[in-house]
Amino acid sequence: MGEVMAITGERAQLEGNPDYKLEILPSSKRVKVVFNGIVVADTTSARLLRETRYPPVYYLPREDVRMDLMQRTAHHTHCPFKGNANYWSLSVGDKTAENVVWSYEDPLPEMAELSGYIAFYQNRMDAWYEEDAEVSIDPDNVVYTRGNPFTGWLMSEAWEAATTPELVARLGRKLVEEQVPLMRLALIVRTLHPQLLGNAYRWHRGSETSNQTEVPYEALTSSAYLNSPLVPIFDGVGGIRRRLEGDNPVLDFPILRDLQADGATDYVAMPLPFSNGQANALTLTTDEPGGFSTKDLGHIYEILPLLSRLFEVHALHQMSRSLLDTYLGAYTGDRVLNGRVKRGDGEDINAVIWFCDLRDSTQMAENLSRAEYLNVLNSFFECTASAVLERGGEVLKFIGDAVLAIFPIDDENPVPGCLNCTPISAACFRAIEAAKDSSRRLEALNAERTARGEAALRFALSIHKGKVTYGNVGVDQRLDFTVIGPAANEAVRIGNICKHLDQQILFSAEIAQNLCSGAVSLGRHSLRGVRNDREIFTLENTEPAPVPAEPGL
């Protein structure tokens, strides 16, 4: 607990106590605080808070503190049995100390005696006096966690959890094992993702695993979110605790009414900050009569900093995986995570190369505003790139108004459930079906556009197969994963003759010979920069087949 400070003579009485207890004692000693040569507090009416495994803390009545030297800040901390602490900075002359004074202005009922009292970080002051004797200041503010049943578990077992859902489940089971009457545990972690606000993990007593739910950005405007305890936590105002039993409980959030109907008696929501300042939330619910004990919450509160770092490691890994998948693609992202990060790292692979270019884009870019043109591009990519991704392809990049993708050919893993198709024919089938689906999606989009009086969109789509070098190119400061080689160049060249042949989808003989049906030859044609003529094919129709659960021919 950040607000703890050391006062002489009390520590030894608390170290051997295995339980977690708090008590507030009146003090008749004169307590004086000095900062930059000025007495900033002087009282004979202090209260002493003694908390298991923490040095005692003096709380001083506000009327005996120089509040005129304080500046309230936006900083808050939360204690599940004291409440939310507000903070002040202290300025005397040319010296300022930030967030060194705090107060529980609206403490929880159990700690109502702290209302109207102020506390200081002792080791940030110049001098403390009890009566007229100066008190030795402990510069480290040592926290004593001996006796907490969860500290050893964090070091020896919790770190073994490979994922966030596993760690949440392990935490829930451990709390119950140590007699914490936990009914429900939830963790909400915000993330950096173009479509997701974050992830929610929920564990219920008796479960071996926890459930993970993705929270989309649309949730920010939902009543369930706006009326939830998460809002004040994410806004940095501290935590929430609500007793759900007894006469007239405060049920100011809809979830509290739901939990009470399920038999819950106590609810605690605590901020779980990451090292970058991001606020996440950990919530605990019990159905034990009387709710959580001070010991229960004290033990949990002590381990929150370590627990937060464990969850942060998992969140960073998941975020890295998500961002790599989003910006590089799953196939490429996996290689980056596995160490392919140097210029020249790469491999020769067999793949179907899939290239789709928006036609008439130059004219559209000149006639439309930048915002309108970006909307056109995104709609076009939604028709084409999404069709590739849904059939197991890898979108390597968006090149201006074009999509470059591959369908890797995995020679070691035949397609399950398909007796006749080889990995090559399966990749060709997926690429062709993605082309058909792109055509269907574009047709639906054009129906909407023409109804609005907008021009229909057209594309040139080409498919080829061959060996390419797949890896890192660029400079050390800026690398890019791509495919290079004659096969990649030929795929682009095939697309260039779509306009000449008045076709939307063209593919090579290497693709056609791996299809069971549907290929129509358009004869042999020369490709710019390619030595020999190539036979070019199109489809007899562009009606797409449904996305197969397992690819097959």
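Nothing here was measured: the structure is a model prediction, and the numbers come from that model.
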- Report yes if the side chains of R184 and L259 come closer than 4.5 Å at any heavy-atom pair, otherwise no. yes

- Does the pair R449/E454 count as a salt bridge with the N-to-O cut at 4.0 Å? yes

- Donor-acceptor pair, side chain of T285 and main chain of Y267, under 3.5 angstrom: no

- D258 and Q260 side chains, donor-acceptor separation under 3.5 Å: no

- Task: Would you give the length of the straight line joining atom OH of Y225 to atom CZ of F234, rounded to the nearest 0.5 angstrom?
- Result: 5.5 Å

- Item | Euclidean distance, L515 CG relative to F537 CZ, rounded to 0.5 Å | 9.5 Å

- Message: Pairing donors with acceptors under 3.5 angstrom, does anything connect the side chains of T151 and E302?
- Response: no

- Item | NZ/NE/NH1/NH2 to OD/OE distance under 4.0 Å, R493 and E490 | no

- How many angstroms lie between OG in S308 and CG in L282, if you round to the nearest 0.5 Å? 10.0 Å

- Message: Tell me which one of L256, D287, D266 satisfies side chain to side chain contact (heavy atoms under 4.5 Å, CB included) with L244.
- Response: L256

- Message: The test is side chain to side chain contact (heavy atoms under 4.5 Å, CB included); show your working for R359 and F459 and say whether it passes.
- Response: CA-CA 5 Å; R359 292 178 61 176; F459 63 57; 5.5 Å; no

- Message: For the residue pair T213 / Y201, report whether a side-chain donor-acceptor contact shorter than 3.5 Å exists.
- Response: no

- Message: Whether the N199 and Q212 side chains hold a donor-acceptor pair (N or O, under 3.5 Å, no angle test) is what I'd like checked.
- Response: yes

- Run the numbers on E390 and R441 for salt bridge (Lys or Arg N to Asp or Glu O under 4.0 Å), then give the verdict. CA-CA 13 Å; E390 289 177 9; R441 293 179 187 220; 2.6 Å; yes

- Item | side chain to side chain donor-acceptor pair (under 3.5 Å), paired with S508, selected from K465, H464, R534, E535 | H464

- Query: Step by step, would you call L404 with I353 a side chain to side chain contact (heavy atoms under 4.5 Å, CB included)?
  - Reply: CA-CA 8 Å; L404 175 63; I353 302 100; 4.0 Å; yes

- Is R391 salt-bridged to D437, going by a charged N under 4.0 Å from an acidic O? yes

- Note on the structure: Interatomic distance, CD@E312 vs CG@L272, rounded to 0.5 Å, equals 9.0 Å

- Message: Between T422 and S425 (side chain of the first, backbone of the second, donor and acceptor by atom type, cut-off under 3.5 Å), is there such a pair?
- Response: yes

- Message: If you apply the rule side-chain hydrogen bond (donor to acceptor under 3.5 Å, both in side chains), what do you find for T77 with Y87, and how did you get there?
- Response: CA-CA 8 Å; T77 59; Y87 281 75; 3.0 Å; yes

- Query: Does the pair R173/E166 count as a salt bridge with the N-to-O cut at 4.0 Å?
  - Reply: no

- Task: Report yes if some heavy atom in the side chain of L284 is under 4.5 Å from a heavy atom in the side chain of M270; otherwise report no.
- Result: yes

- Item | Value rounded to 0.5 Å, distance of CG in L457 from OG in S379 | 7.5 Å

- Task: Please step through side chain to side chain contact (heavy atoms under 4.5 Å, CB included) for the pair L358 and L377, ending with a clear verdict.
- Result: CA-CA 8 Å; L358 177 64; L377 287 181; 4.0 Å; yes

- Does NZ or CZ of R242 lie under 6.0 Å from the centre of the six-membered ring of F253, at an angle within 45° of the ring axis? no

- Task: Considering only NZ, NE, NH1 and NH2 on the basic side and carboxylate oxygens on the acidic side, decide whether E177 and K174 come within less than 4.0 Å.
- Result: yes

- Show your working on side-chain hydrogen bond (donor to acceptor under 3.5 Å, both in side chains) between H76 and N84 and close with a plain yes or no. CA-CA 7 Å; H76 298 82; N84 296 323; over 6 Å; no

- Could you state the interatomic distance from CD1 (I494) to CD1 (I463), rounded to the nearest 0.5 Å? 9.5 Å

- Query: Have H75 and N99 got a donor and an acceptor in their side chains that come within less than 3.5 Å?
  - Reply: no

